[in-house]
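Contents: one structure, followed by commentary.
In what follows, every chain begins at residue 1, and chains take the letters A, B, ... in the order their sequences are listed.
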Amino acid sequence: MTTIDTRATSATTDGPATAGTTGVARLDTVAAWLTSTDHKRIGRLFIGSSLAAMLAATATGIVLGIERTYADREVFDTAAMPQLFAGFRVGLVFGVGIPLLVGLTVAIVPLQLGSRSLAFPRVAQTGFWAWAIGLVLVVVALANNGGPGGGNADMVDLFLAAHGLLVVGLTMATATVAATVLTSRAPGMTMRRLPVFSWSALVASIMLVLSLPVLLGVLIYLFVDHRNDRVAFGGHTGIGPWTAFAFTQPATYLMAIPALGLAAELIAVTFRRRLAVRGVLFIGLGLVGVAGLAAVTQQQLFLVRWRGSGLSLDEFGSTFKDLVPWALFLGLPLLGALVVLATGAFTAKGARPRLVGPFLFAFLGVGMILTGMVGALAYPISDLGLVGTVFEEGSFIYVVYGSVLAGLGGVAYWAPKWWGRTLPNKALLGLAGLGFIATVLASLPYYVAGFADQPAGAVDFDYSGPVKLWNVAVLAGHTLMFVTVAAFAGLAVKTFTGDGESSVDDPWEAHTLEWATSSPAPVQNFADVHTVASSEPLLDLRAGPGDPETEHRP
Amino acid sequence: MTQALPAAPQPPPRRQVLIGTALGCAAGTMLVGGMLAVWILMRERVVATGEPWVPEDASIPEVPSNIMFISFFALLLFAQWAVHAMKRRQRVNTGLALGTTAVVAIAIINAQGYVYSQMELPIAGSGYGPMFYSITGVFLVLMVIGLGYTGVAAFRVLGGREDDELVISHALYWYFVSAAFAAIWLFVYVTK
């Protein structure tokens, strides 16, 4: 046995101590951040940028909400609405949801695996810059009437090229996460002993590596076609239909996989229990990954003609053909998420939880994701008449905002490993509650308005019912989400710059290897390479060798 | 407080380059596969309207595309020879094998250029042109990446590094590009 004391010196940590007081020192610090190959820094660059993008995306949601609330008059320039709708979707999926979860996995997975670094850190760093530059250029293009349906041809070209760059960047970063899990585990850490979050990161990153290049291929076609004759793909009007598969359910479930993994891990920590039936849990997370196959095959809508009791045997063949993709791409991921929740409930049975902010964030986030998944399952059933309504947008916001809430929980949970301080629990609990209310307000009214036939992607409509009420509620939801994210970011910056309680190495009495090193973790993570003999090495350590559960762990 | 866990010696990296290359190949397969799927779909749609898929004034030269297809067998043979030689620590043979791999790759790129010059297909004027140049352009990018990979492998081997894994990963990449071209050859050049 070796006692590990990896407390970092000021020269090797990312904490506030590194920030110099002179201008040159500050420049050095900025340069060190921008060129760093330390996975924790790259991950935090992803997380920080995606939170900034979240503020921009929710601001766009607020503008769209105002325009929809006053559907009878023109508040903003309605010609800009297609760009705002496109910006909202692109921003939430490729600016916020995926990069936030990729950032978390890049920053945490090597620590969980007991590895000293990420595999191919320069690839991850290049991926970050490709993504960040691509995202900025996408925003520039959208602001200048580019994007789907845009009227400025040069800006439409820029939008397509920048979107391709962004996709390449995310693919590079996710590939490094998958390579790290497959190659850089601590001695003794078999695949069955992987921490749940790392397993979810592996599933999500492999599915992203398989599905993002398909989108890239479509973008290449669209770009070359748009630059030239605009015959094959319909020019700027073809961009939306051809790329929609990446911005709708079930492709958006891929960002929810790490959120589910995080929630499962936090259940074990919060209830101070070993995770029950880990194998089943792993299968559940894998089932959610099936959603990636829909993106791989560029499918987005599976019309299911239910026909009630009118179903005859003659129609069985065509009905079966309708049902299979629906059940496969929307049903199986929902089943997987339910399996994750069921194993969590099994783990928590009979135990008393500690009410901690990160857990509440993750728990509520997963609840939102599940509600979105149920909505996505109902949406294609043609008898319900929801296709083409805002019902789909409600489901989309549930999934994305739910993933963001869980992601914020992850940031709060692992903050001690990044800057050595814990975020105040009371503030976190309040923000988690606010985020929950925001998500429900931003999405549930669209479920109702969908049944009332409010059209999707439109700001000019009229239908029977309290039109204004639903849209005001959604507007309030986006506004509250903006406040939640801004307040969370403020809280994080405040603790990062030195305000707040210094953290011990393992403030949560957690189970996985990242808590075996000092807080904040040094540049190379660990002084020694650990040997692990179970899936919960730190729990075993606390329980001691005589613990019967320790003896029988895989 | 720090935690006490048994320490282990630093484990060797577990085939990181090979796994990284395999992931890159998987991504590349999805890129080419996705583009071919869209190609087949668009072709079906155009043919269903009774219009010709390939513009009537365009002809697809079959000889250079067949030569490219055959050349990949030679390329794979040389890439595999590099693996064989590297495993036996025959540095000169490995360097020679990597060099001939690069020569064949350059010849394939040249043949693709010849296809372009023979076809004289304008990129504008039809739905076919942009799609043809997109998919063959992606193939050319894959070839250039492969050439770069060969260059890095040769540089390291001739510089004295006895790195089996790098040469094996290099061969894996060329297997992927060969499979990708076989699919492009079948759907773009043979089926048309």
Inset, instruction - Please name the pair of heavy atoms, one in B/L23 and one in A/V209, separated by the smallest distance, quoted to 0.1 Å. - result: O-CG1, 3.8 Å
Inset, instruction - Report yes if some heavy atom in the side chain of B/L31 is under 4.5 Å from a heavy atom in the side chain of A/V214; otherwise report no. - result: no
Legend entry - Beyond-backbone contact of B/I135 with A/Y221, side-chain heavy atoms, under 4.5 angstrom: yes
Inset, instruction - With the side chain counted from C-beta on, respond yes when B/V38 and A/W242 share a heavy-atom pair under 4.5 Å apart, and no when they do not. - result: yes
Inset, instruction - Any chance you could measure A/L219, atom CG, to B/S134, atom OG, to the nearest 0.5 Å? - result: 11.0 Å
Inset, instruction - Answer yes or no: does atom CZ of B/F187 have more than 12 heavy-atom neighbours from other residues, nucleotides or ligands under 6.0 Å? - result: no
Inset, instruction - Evaluate whether atom OH of B/Y175 has more than 12 neighbouring non-hydrogen atoms of other residues, nucleotides or ligands under 6.0 angstrom away. - result: yes
Inset, instruction - Against chain A, label B/I19 side chain, backbone, both or neither, depending on which of its atoms sit under 4.5 Å from a heavy atom there. - result: side chain
Inset, instruction - Side-chain contact test, heavy atoms from C-beta onward, threshold under 4.5 Å: evaluate it for B/R15 versus A/T183 and give yes or no. - result: no
Legend entry - Heavy-atom proximity to chain A below 4.5 Å, by part of B/T29: neither
Legend entry - Heavy-atom proximity to chain A below 4.5 Å, by part of B/M42: side chain
Inset, instruction - Counting only heavy atoms closer than 4.5 Å, note whether B/A27 contacts chain A via side chain, backbone, both or neither. - result: both
Inset, instruction - Tell me, out of A/S115, A/P213, A/G217, A/A119, who's got the most heavy-atom pairs with chain B below 4.5 Å. - result: A/P213
Inset, instruction - Decide yes or no for A/D225 and B/M131: does some side-chain heavy atom of the first lie under 4.5 Å from some side-chain heavy atom of the second? - result: no
Legend entry - Residue pair B/Q16 / A/S184, side-chain heavy-atom distance below 4.5 Å: yes
